[in-house]
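Notes for the one structure printed next.
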Amino acid sequence: MITNTEIATLLRQIAAAYQILNENRFRIIAYERAADSIEHLSSEAKDLWDDGKLKEIPGIGQAMADYLDELFRTGKVRHFEAVLKKVPASLFPLLSIPGLGPKKAYKLAISLKFSNPKSVISDLAQAVKSHKVASLEGFGEKSEADILEGIQAYQRGQIKEKRMVLPEADQLAQTIISYLKKLPSVRRVDSLGSLRRQVSTIGDIDIAVATTKSSEVIEHFCKYPHKKLIEKGPTGASLLLTNGRQVDLRVQKPAAYGAMLQYFTGSKNHNIKLREYALEKGLSLSEYGIKNLHTKKLKEFSTEEAFYQALDLSYIPPELREDQGEIEAALRSGISRTQGKPPLVKLTDVKGDLHVHTSYDLQPSHDLGADSIEKYLDQATKLGYEYLGISDHNPSLTNHSEKQIIRIMSDRKAYYEEHYYSWVKKLSKKSQTVGRYVQLVIMLEVDILTDGQLALPEMAFNYVDAVIASLHSSFTQEREKISERILKGITAHPKVRILGHPTCRMLGSREGVDADWEKIFKVCRQRDLALEINAYPQRLDLPDSLVFEAKKQGLHFCINTDAHATGQMNLMRYGVSVARRGWAVKDDIINTLGYNDFRKWLVK
DNA sequence: GCCGTTTTCGGCCCGACTGTTTTCAGTCG
């Protein structure tokens, strides 16, 4: 099967070929945009094709849809092949080298007669070393050195550190931010880019500083422990840290800080759409401010709020800036200013965590947690929660008879209740206030087996309030099979109320399962089931893009940490970020309900 | 080649940097 990445690569090759052939530059941009769009799709383009929905992809029109149709039917596109035949195939690998674009790569491939795409990069390195490049028109001494460095950077990139998960990036950014704040001339510091937008994985750390003494700040930044100073100029600097991570600093005077913050927060597509929108008003946007195209005057902005306001838009939270309709939405709410920003769900809205694993040994199919129920209750109290759901893994099927499992489950319920009541008792002795203790919900995380059956005998359901159903095996099943499996699992028992970490992805190590989400969402909606937004940093599952889709269909979500130790309950905020990136408001999230309402939803 | 609260034609984001140039093309974010 042809993947989105492969399609994107193919479209970028066409764009590059067209660039060399001096084709209309907007046609080139159209191909690049289509490539970006397909690469960032939340589902496989092939599946959309199956459903006849290719043209719903932004940047895919009639012509592109026809080409892709041919690609999926026959495995190739005659038009693409004809275009690619006009340029040497050996130029494409060269595009991976920083500093080389289509024109230069073409020039090199033709002039130096590179014919083998597999060896072209080492062929080029060889050519540079024997100074065959400097004499070419448009190249010089410096180009040779740059190309060599580019090849080395490319080779390093091959073994480059994986992208960071959010907490790792957060922590690193915080360390640097505290370091920068030591300087009195630093007025304000913010993270920028994907970290500020709370994207699930982060490449580089970008940081902004507002100051009137930019050179002093840059000097201070460059003294931060590092392996290599990559770049240093009047507006910022870049460091490669000893842990292999890159940090970019941008400085700006306070009066113009807002435009800079906006510009470098991105996303690229958000900024492009915003500039197009501004142009219609006769305004041109840049990192320095807003220029009136008639008077040619540049207006500066100290805050982002003022920047968006000057465009007649209500403030758009960074998590939404992905060109998914947020500008149109801000425009609508901007008509009645009082409505202000969209009421996205906040961390403080969350009233309970329904997915934690304790150390109580019920001989489970998977792992136990590290801490006792009392410790979890204490932590939930500390976090200000109204309720806590214990969702251990089900007892293993292979090691127990049905009767034994029922026994284990009944013992477990008795154990939790006993410990809960003595915990409450102890607490009420200590404090004067009566009532208002964290409520305990006895749940279970039950495997959906490969055939869609739940890994818990019918009788054992009597000992739980509700169940989270999750996949923990056979992630590579075919789309149709795994979709049926999930549907069977979530409808197998009325006590199933939540679909746990739905895609089962592991960031950086495992793709999510390939399932028919539209169908699954429909059934969840019919049965009023919640989709879990698992806040565990390697999961962040549902992914934000699917939250966005599910929300459109009116589904509810439950943000859980899946904590295996009490400390991990603090990771809730990353789940909230995912929800926000999917445009979820408080009412979309089941565990923002007060205990009584929540209980009404949970126990049917 | 895409796209539409100026919709089926005629537009299409902005600026920095760099090296090879002598006014700019190419690349990048």
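In what follows, chains carry the letters A, B, and so on, assigned in the order in which the sequence lines appear, proteins first and then strands, with residues in each chain numbered from 1.
Straight-line distance between the P atoms of dC2(B) and dT6(B): roughly 23 Å, to the nearest whole Å. Using atom P as the reference point in both dT27(B) and dT21(B), the two lie 15 Å apart (nearest Å). Spacing between dC3(B) and dT8(B) at atom C1', rounded to whole Å, works out to 10 Å. Comparing the P positions of dT5(B) and dG1(B) gives a spacing of 23 Å, expressed to the nearest Å. Taking atom P in both dG11(B) and dT7(B), one finds a spacing of 14 Å when rounded to whole Å. The separation of dG19(B) from dT23(B), taken at their C1' atoms, amounts to 13 Å, rounded to a whole angstrom. dC12(B) and dC17(B): their C1' atoms are spaced 25 Å apart (whole Å).
Each of Asn24(A) and Leu279(A) was matched to the nucleotide of DNA chain B holding its nearest heavy atom; the match closer to the 5' end belongs to Asn24(A). Nearest-nucleotide assignment on DNA chain B puts the 5′-proximal partner with Ile272(A), out of Ile272(A) and Asp146(A).
One finds no side-chain N or O of Ser286(A) lying less than 4.0 angstrom from the OP1 or OP2 phosphate oxygen of dC14(B). Between Tyr277(A) and the phosphate of dG4(B), there is no side-chain N or O to OP1/OP2 separation shorter than 4.0 Å. Regarding contacts with the backbone of dT20(B), a side-chain N or O of Ser143(A) is found under 4.0 angstrom from either OP1 or OP2.
Contact annotation for Leu274(A): no contact, since no heavy-atom pair falls under 4.0 Å across all strands. When heavy atoms are screened at a 4.0 angstrom cut-off, Tyr106(A) is found touching no nucleic acid atom at all. Backbone-only contact: Leu100(A) has heavy atoms under 4.0 Å from sugar-phosphate atoms and none from a base.
Atom C1' of nucleotide dT6(B) and atom CD of Glu276(A) are separated by 16 Å, given to the nearest angstrom. Summarising the geometry, the separation between CD1 on Ile97(A) and P on dT27(B) is reported as 12 Å, rounded to the nearest angstrom. Rounded to whole angstrom, the span from the NZ atom of Lys273(A) across to the C1' atom of dC2(B) amounts to 12 Å. When rounded to the nearest whole Å, the span between CD of Glu231(A) and P of dT27(B) equals 19 Å. In this entry the distance linking NZ of Lys55(A) with C1' of dG1(B) reads 12 Å, nearest Å. Atom pair Phe26(A):CZ and dG1(B):P shows a separation of 15 Å (rounding to whole Å applied). If you take CG of Leu91(A) and P of dT27(B), they are 11 Å apart, rounded to a whole angstrom. Here the P atom of nucleotide dG19(B) and the CD atom of Glu144(A) are 14 Å apart, to the nearest Å.
Of the candidate nucleotides dG15(B), dG1(B), dT6(B), dG15(B) has the atom nearest to the side chain of Ser284(A). Checking dT21(B), dG1(B), dG15(B) against every side-chain atom of Glu137(A), the shortest atom distance belongs to dT21(B). Which of dG1(B), dA16(B), dT27(B) sits closest to the side chain of Glu287(A) comes down to dA16(B). Picking from dC14(B), dC12(B), dA16(B) the nucleotide with the shortest atom distance to the side chain of Tyr263(A) gives dC14(B). The side chain of Lys103(A) lies closest to dT27(B), out of dC14(B), dT27(B), dG1(B). Closest to the Ala30(A) side chain, of the nucleotides dC2(B), dC12(B), dT27(B), is dC2(B). Here the side chain of Lys104(A) is nearest to one of dA16(B), dG1(B), dT27(B), namely dT27(B).
Using a 4.0 Å cut-off between charged side-chain N and carboxylate O, Arg250(A) and Asp248(A) make no salt bridge. Comment: Glu168(A) engages Arg245(A) in a salt bridge, judged by a side-chain N to carboxylate O separation of less than 4.0 angstrom.
Ring geometry for Phe80(A) versus Tyr31(A): interplanar angle over 60°, hence perpendicular rather than tilted (30 to 60°).
In this structure, Val87(A) and Ile110(A) have side chains that are not in contact, with every pair of non-hydrogen atoms separated by 4.5 Å or more. Side-chain contact between Glu328(A) and Lys273(A) is present, with heavy atoms from C-beta onward closer than 4.5 Å.
Listed by chain and number, the residues in a side chain to side chain contact (heavy atoms under 4.5 Å, CB included) with Arg78(A) are Glu70(A) (sequence neighbours excluded).
In this structure, a donor-acceptor pair under 3.5 Å is present between the side chains of Asn271(A) and Gln262(A).
Judged by Watson-Crick or G-U wobble contacts below 3.5 Å, the nucleotide dC28(B) has dG15(B) as its partner.
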